[in-house]
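Reminder, nothing fancy here: chain letters follow the sequence lines and each chain counts from 1.
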There are 4 protein chains.
Amino acid sequence: MKALSHPPEGELRERIDAAALHLFAERGAAATPMPMIAAAAGVAVGSLYRYYASKEELVSRLYAGNYAALAQHLDRVQQAQEGTRAKLAAMALFICRYFDDEWDLARFLLLEQHAGLRGYAGPANPIDIVERVIAVGIAAGDIRPIAPLVATAMVIGPIVQAATFRAYGRLRTPLGDIAEQIAATIWAAIAADQRGAQ
Amino acid sequence: MKALSHPPEGELRERIDAAALHLFAERGAAATPMPMIAAAAGVAVGSLYRYYASKEELVSRLYAGNYAALAQHLDRVQQAQEGTRAKLAAMALFICRYFDDEWDLARFLLLEQHAGLRGYAGPANPIDIVERVIAVGIAAGDIRPIAPLVATAMVIGPIVQAATFRAYGRLRTPLGDIAEQIAATIWAAIAADQRGAQ
Amino acid sequence: MKALSHPPEGELRERIDAAALHLFAERGAAATPMPMIAAAAGVAVGSLYRYYASKEELVSRLYAGNYAALAQHLDRVQQAQEGTRAKLAAMALFICRYFDDEWDLARFLLLEQHAGLRGYAGPANPIDIVERVIAVGIAAGDIRPIAPLVATAMVIGPIVQAATFRAYGRLRTPLGDIAEQIAATIWAAIAADQRGAQ
Amino acid sequence: MKALSHPPEGELRERIDAAALHLFAERGAAATPMPMIAAAAGVAVGSLYRYYASKEELVSRLYAGNYAALAQHLDRVQQAQEGTRAKLAAMALFICRYFDDEWDLARFLLLEQHAGLRGYAGPANPIDIVERVIAVGIAAGDIRPIAPLVATAMVIGPIVQAATFRAYGRLRTPLGDIAEQIAATIWAAIAADQRGAQ
DNA sequence: CATGAATGAGCGTTCATTCAT
DNA sequence: AATGAATGAACGCTCATTCAT
């Protein structure tokens with residue numbers, strides 16, 4: 001009794017995922033009822049449970065999937081560059097653009113960490129990608145010999161913080177517009193050779 | 001039937017606040033039911049409402065009050081120092097120790113910004129304090145002429161990110177132990193005079 | 001785990017309405033919890049909210065809907081008669097029988113006026129119907145030239161009072177049995193021609 | 001710690017009763033919390049329970065007490081007159097004025113019948129007073145030989161209905177202004193001698 | 001398979017009642 | 001006697017989950 005060909009159809013699963021993602025980003029996962037997701041996807045509530053055993057699974061699978069995908073993208077971006085500085089700069093630019101282009105998804109992944117990160121043990125992970133590049137950079141003498149995790153916080157922290165500023169209205173510029181400035185500043189922070197900062 | 005001669009514990013209000021703070025930090029405010037707070041505080045549900053008119057008020061009063069207090073502390077710390085570098089280093093150290101000493105409170109304030117920052121319009125604000133020091137530092141020529149908000153993200157981001165790493169078990173060291181390393185790195189990132197980074 | 005093959009009873013909505021009506025009549029709407037209605041209807045609490053958005057809506061829809069229906073019935077009864085006296089007598093008889101036949105509904109509508117009448121602004125309204133017949137009767141010279149509202153109180157008051165006596169056990173006769181006596185007495189009260197009272 | 005001589009004092013009991021009565025009339029007993037009564041009376045909540053074992057007792061004692069007092073007044077009014085017609089007219093006038101002068105109390109008695117009349121078994125009772133006068137009147141041949149309770153409904157019903165009209169804004173005149181009209185109409189309804197109606 | 005009406009545990013909140021002071 | 005902070009059962013309502021169709 002729903003409809004014979006209501007939406008352009010497409011796989012139920014994909015419609016559910018897209019609707020859920022959008023709503024989670026807009027309102028937070030906890031504040032999004034399952035019936036609301038079903039309605040947004042043009043699907044019956046019961047159908048949600050054919051693809052996900054519970055709401056928790058929907059949230060965490062959505063989180064983990066996109067988190068891993070982001071890690072893969074980031075890894076490809078890094079591999080496409082030669083040299084620690086170029087790798088880090090490319091990653092910084094990529095993350096900034098990711099926030100600009102995938103605002104909903106990025107907010108869901110990076111700002112709603114309580115629900116998602118708890119118990120995430122996926123194989124690939126954006127943080128690990130960055131940390132590995134840094135470890136290699138330190139070994140190569142490109143980065144000063146500080147604790148790799150501190151250096152990672154130095155790289156990721158400013159970007160996430162800028163995104164947070166943007167999420168709460170403190171910053172109005174697209175992150176892409178300040179990506180190079182951020183990248184340069186980050187490099188100045190950790191580069192072994194200080195002249196490289198200029 | 002609760003306690004025989006009197007609550008052996010301290011003031012109800014304080015027990016409520018402490019219990020709420022801990023649970024909010026652990027699970028997020030949205031995911032913490034009032035009955036759970038009451039149970040953790042060893043108090044009846046109704047008693048929560050003698051001190052706070054609603055859950056929302058409990059969350060936002062806890063947030064706003066401590067957020068403003070943190071800002072004041074931070075301002076005093078900054079004023080006690082001479083020179084941009086010393087001010088920033090002292091602030092970085094203070095925030096790191098704040099995380100170590102007031103783990104619950106700091107996590108609640110700095111990691112759960114969704115619930116708290118929405119509609120926070122307090123007069124003092126930790127971010128503003130840092131941003132002002134940076135603006136003065138730029139004017140004084142101590143900091144390179146980058147956008148103050150970017151520099152602020154550069155200062156706060158790494159610390160918050162390190163705290164996040166610690167909250168999710170990635171980092172095990174107390175933040176105080178790496179505070180100087182963080183401060184030095186931050187300074188290297190934004191200092192006008194690159195030799196100052198060493 | 002409730003029923004094996006299906007509710008053996010009728011439509012949920014009707015069961016809810018009937019249960020609510022009975023309880024409202026017996027104890028008053030304010031003193032009737034939603035869970036009590038659900039239990040009486042043999043339905044889960046949540047199901048109440050599929051049909052009514054709130055308790056207030058349940059009360060007022062039940063009230064308004066039946067109040068308007070009663071007004072329509074009363075109007076039809078009145079139109080079927082010729083002459084003021086016959087119209088009033090028919091209405092009196094109808095209301096008396098209404099109390100006898102729809103005891104719960106009539107008590108709810110006519111005795112619990114607090115919750116229901118507040119803000120009721122329906123188009124049709126039993127009081128208005130009676131008042132209009134009386135106004136016409138006065139204009140026709142059938143009824144003495146008293147204030148129409150006083151005459152209306154004269155017509156409705158005794159019936160409602162008799163119903164109240166019955167509700168509190170003072171009167172045991174069905175109202176239908178004394179309807180003609182009441183109608184005759186009412187007519188004696190307001191008729192222009194006193195011989196008409198006999 | 002409350003106050004040394006806050007209000008002009010006076011017996012606690014009386015202050016409680018007065019405050020409760022006013023609030024019950026204004027908002028209904030069910031919607032009036034005990035703490036609100038205590039605050040209005042300038043008394044601690046606990047003190048309410050020194051005088052009344054429960055809220056229910058407070059409501060019903062207040063109801064019964066005033067109900068009985070009204071009955072006594074009505075009886076005195078009736079006794080002060082000679083003849084059935086004069087007795088009924090005086091009672092009608094008294095009840096009308098009672099509504100005008102003691103609006104709160106009258107509303108409480110009239111509209112809170114669920115809470116009050118349920119199980120009221122007081123010795124004196126306004127209805128009984130009226131019914132007795134009518135029974136005597138029938139025996140004396142002043143009133144037509146109809147069922148006394150029907151005649152009682154005939155006398156009380158119109159007045160209560162007029163008061164209800166007034167409570168809900170349909171009638172704006174003070175009841176005292178239409179008391180004689182009501183009394184005359186009532187008499188016309190039940191008088192044995194129809195010429196008496198004029 | 002997909003549906004969506006039905007469920008009921010659990011939420012935030014209120015308030016009649018108690019009891020140490 | 002009087003107090004009022006503390007209690008906790010019960011309220012109106014939500015929503016993750018199930019299952020007959």
Side-chain angles (χ1 to χ4, degrees), chain A residues 1-3 12 30-39 42-59, chain B residues 1-7 11-13 16 30-39 42-58, chain C residues 1-7 11-13 16 30-39 42-58, chain D residues 1-3 12 30-39 42-59:
Chain A
M1 186 146 292
K2 236 252 91 198
L12 246 55
T32 305
M34 294 293 267
M36 185 181 286
I37 299 171
V43 149
V45 208
S47 299
L48 264 33
Y49 288 85
R50 186 160 305 282
Y51 296 99
Y52 297 103
S54 66
K55 185 182 178 181
E56 202 200 329
E57 195 191 296
L58 167 56
V59 173
Chain B
M1 189 149 291
K2 238 243 90 205
L4 277 190
S5 65
H6 213 31
E11 273 305 301
L12 244 57
R13 172 76 174 249
I16 291 169
T32 305
M34 294 294 268
M36 185 182 285
I37 299 171
V43 146
V45 205
S47 297
L48 264 31
Y49 289 87
R50 181 168 305 287
Y51 297 98
Y52 297 102
S54 65
K55 184 183 178 181
E56 201 198 329
E57 194 191 298
L58 167 55
Chain C
M1 189 150 290
K2 238 244 89 204
L4 277 189
S5 65
H6 214 30
E11 274 305 302
L12 245 57
R13 173 76 175 249
I16 291 169
T32 305
M34 293 295 267
M36 185 181 285
I37 299 171
V43 148
V45 204
S47 298
L48 264 32
Y49 289 86
R50 181 168 305 285
Y51 298 98
Y52 297 103
S54 66
K55 183 182 177 181
E56 202 199 328
E57 196 191 297
L58 167 56
Chain D
M1 186 146 293
K2 234 253 91 198
L12 246 55
T32 305
M34 293 294 267
M36 184 182 286
I37 299 170
V43 148
V45 208
S47 299
L48 264 33
Y49 288 84
R50 186 160 304 283
Y51 296 100
Y52 297 103
S54 67
K55 184 182 178 181
E56 201 200 328
E57 194 192 299
L58 168 55
V59 174

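Distance CD (D:E57) to P (E:dT17): 10 Å, rounded to an integer number of Å. The distance between atom CE of C:M36 and atom C1' of F:dG12, rounded to the nearest whole Å, is 14 Å. The distance between atom CD1 of C:I16 and atom P of E:dA5, rounded to the nearest whole Å, is 13 Å.
Residue A:L12 places its side chain closer to E:dA2 than to any other of E:dA2, E:dA6, F:dT3. Checked against E:dC11, F:dG12, E:dT17, the side chain of C:M34 finds its nearest nucleotide in F:dG12. Counting only heavy atoms from C-beta on, B:P33 has its side chain closest to E:dG12 among F:dA16, F:dT7, E:dG12.
In this structure, the salt bridge (charged side-chain N to carboxylate O under 4.0 Å, His left out) partners of A:E57, at least two apart in sequence or on a different chain, are A:R61.
C:M34 has its side chain within reach of C:L58: a pair of non-hydrogen atoms, C-beta onward, lies under 4.5 Å apart.
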Checklist entry - Which dot-bracket notation, 5' to 3', represents the base pairing of DNA chain F when pairs are defined as Watson-Crick or G-U with both distances under 3.5 Å, crossing pairs as [ ], and inter-strand pairs as |? => result .||||||||||||||||||||
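Pairing each heavy atom of D:P33 with each of D:A31, the nearest pair is CD-O, 3.4 Å.
Contacts between residues 47-56 of chain A and DNA chain E, defined by a heavy-atom separation below 4.0 Å, involve A:S47, A:R50, A:Y51, listed by number.
For D:V45 and A:P35, each mapped to the nucleotide of DNA chain F holding its nearest heavy atom, the one lying further toward the 5' end belongs to D:V45.
Annotation: the span from A:R50 atom CZ to A:L12 atom CG amounts to 10.0 Å, rounded to 0.5 Å. In this structure, B:L48 CG and B:I16 CD1 are separated by 5.0 Å, a value rounded to the nearest 0.5 Å.
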